[in-house]
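Input: a single structure, listed below in structure tokens.
Just the heavy atoms: all of them, side chains too, but no hydrogens, waters or symmetry mates, feed the values below. Lettering of chains follows the sequences in order, A, B, ..., and the numbering in each one begins at 1.
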There are 2 protein chains.
Amino acid sequence: MPTRAPQERRRRRPTASGVVLSKELITETALRLIGEHGPEALSVRRLGAALGCDPSALYRYFRNTDDLLLAIADRIIGDTMVGFVAGPDWVASLRDMAMRVRAGYLAHPRAAAMASFRVTRRENEFRAVETGVGLLLSAGFPPADAVRLYLAFIDTVLSHAALDAACHALPREQREADERAWTEAYQSVDPESHPALSEVRGELHAMAESSFEPAVDLLLDALAAKASALRPRT
Amino acid sequence: MPTRAPQERRRRRPTASGVVLSKELITETALRLIGEHGPEALSVRRLGAALGCDPSALYRYFRNTDDLLLAIADRIIGDTMVGFVAGPDWVASLRDMAMRVRAGYLAHPRAAAMASFRVTRRENEFRAVETGVGLLLSAGFPPADAVRLYLAFIDTVLSHAALDAACHALPREQREADERAWTEAYQSVDPESHPALSEVRGELHAMAESSFEPAVDLLLDALAAKASALRPRT
DNA sequence: GCCTTATGTCAACAGGATTGACGCAAGGTG
DNA sequence: CACCTTGCGTCAATCCTGTTGACATAAGGC
């Protein structure tokens, strides 16, 4: 008879409220907590209460809160990349990756704001790096360039996604006030002291929109140009 | 006799240690504290200790710690763009702007990390938009494009700077652990399941570095290419 | 059925932000 | 010069936070 894997062998004693804890249940609950009540709602005490266990029980599963945070971040990465398959067109595939990451962050705006700049060192991040670097290698970049360019790409994607997520996490009134600023406050600039702003006055409303797609497309343009410089004729 | 401005009229009683408090002294001390002892050294208690006053005295000057943080952020923005003048080369000028923003954020990472996603709508932001849009107009872009492209540019700069700042704001152990991950944990990948990672193994240390300059340069490359497509021969 | 040990619980600690009451002294006023 | 208002520094208290060590108990292999 096959012995079960060690991590499945672990005994899971139910808590006082009858729940059986697991890493998965904890990260899920944490994500739900953040989504419902904001990032400041995430504390070991509140998480324990939401799970129906003593706060200190969490330390049997995560070394500390940072460890928990990384697990949450990795779960978001995993969710966003579910069902993704790299196609033959590396630029289109990277673009698909970018749009997925953004969608994943927008689905959990508040968690994204906390975790977007961390290296999770976990399986899902592993796979994302593998995929992205693989695409750049397939484009013909040598390893050193593939790594550097992937980093520039993914950081742009992650940080822009975090920016979008942060905006979505703002209270509605504040977000609308920020948007109105571009179409109202900025309209009455003095042409003398601010000639450029005055000249583009009619277009400033575009500043209220997300720059995610333009920025990613500019970056992909630059990558494509670099790649075709590598192989002048294909 | 001219009456002094209300804010100058305020009485400033010296603290027990003889210091006379002010908004300026408090923000300066907070920045010094962060610079000397790391970002986690900023707490009301420690700030009070550094100033030689009771922690609660700070609440006479700032509504709460968030208010204090915004004051600090505003000071950083001001410092960042001091002395900047746009030159004739629009690409170089945008690059200069980018590097200044980053330097300003990195000098005070924690404050930057917390405030970088907000729209200030104050004079400094005003001037930055004026300058940046003006540079793109001078490059020959029509108003609508100048606005959209400036947005993509500045968001990339701001969000990458925030990303860098956020990494620098991490406690040292966490940051070092994140960096080590690329040279250690990621080294032992299975070549079978992760062929691309395995191929670039020797270059992964680059992932621990900042992608700010590569990303900004890629974006500027793309902008320059777009501009020269506008005016094939100058 | 026993023994090991994983794991949930409890109590405690240090340090965080914030607030309300208190009282000193700074400064305008007469 | 003396008085009175009030700005503001101080103190003490409250309620949070993460984290740890001792303890108890049940799960599961034998």
Whole-Å distance between D:dT17 P and A:Asn64 CG?
-> 17 Å

Spacing of A:Tyr61 atom OH relative to D:dT19 atom C1', expressed in whole Å = 18 Å

Among the nucleotides D:dT17, C:dC22, C:dT7, whichever has the atom closest to the side chain of B:Arg60 is C:dC22

Selection from D:dG9, D:dT19, C:dT9 that lies nearest to any side-chain heavy atom of B:Ala57 | D:dG9

Atom CG of B:Leu33 and atom P of C:dG16: how far apart are they, to the nearest Å?
-> 11 Å

On DNA chain D, more 5' by nearest nucleotide between A:Arg63 and A:Glu40 is A:Glu40

Any B:Arg46 side-chain N or O less than 4.0 Å from OP1/OP2 of C:dG16 | yes

Could you grab the distance from atom OH of A:Tyr105 to atom CD1 of A:Ile77, nearest 0.5 Å is fine?
-> 5.5 Å

Counting heavy atoms from C-beta on, name the nucleotide in D:dG18, D:dC11, C:dA17 closest to the side chain of A:Tyr59.
-> D:dG18

Have a look at A:Asp67 and tell me which of A:Lys23, A:Arg122, A:Arg60 forms a salt bridge (Lys or Arg N to Asp or Glu O under 4.0 Å) with it.
-> A:Arg122

In whole Å, what is the span from the CG atom of B:Asp67 to the C1' atom of C:dT19?
-> 16 Å

Length of the line joining B:Leu47:CG and C:dG15:C1', which is rounded to integer Å | 16 Å

A:Ser43 vs A:Asp54, nearer the 5' end of DNA chain D by closest nucleotide = A:Ser43

Proximity to the side chain of B:Leu21 - top-ranked nucleotide from C:dT18, D:dG18, D:dG9 | D:dG9

Within 45° cone and under 6.0 Å: B:Arg100 NZ/CZ vs B:Phe84 ring = no

For atom CG of B:Leu68 and atom P of C:dT18, their distance in whole Å | 10 Å

Provide, to the nearest angstrom, the distance between the CG atom belonging to A:Leu42 and the C1' atom belonging to D:dT17.
-> 12 Å

Taking atom P of D:dG18 as reference, at what distance in whole Å does atom CZ of A:Phe62 sit?
-> 14 Å

Considering just the side-chain nitrogens and oxygens of B:Thr65, establish if one lies under 4.0 Å of OP1 or OP2 belonging to C:dA17.
-> no

Does B:Ser56 put a side-chain nitrogen or oxygen below 4.0 Å from OP1 or OP2 of D:dG9?
-> no

Listed nucleotide nearest any side-chain atom of A:Arg45, set D:dG9, C:dA17, D:dG18 | D:dG18

Over all atoms of both residues, closest heavy-atom pair of A:Asp74 and A:Glu123 = OD2-N, 3.8 Å

Less than 4.0 Å between a side-chain N and a carboxylate O, is that true for B:Arg32 and B:Glu36?
-> yes

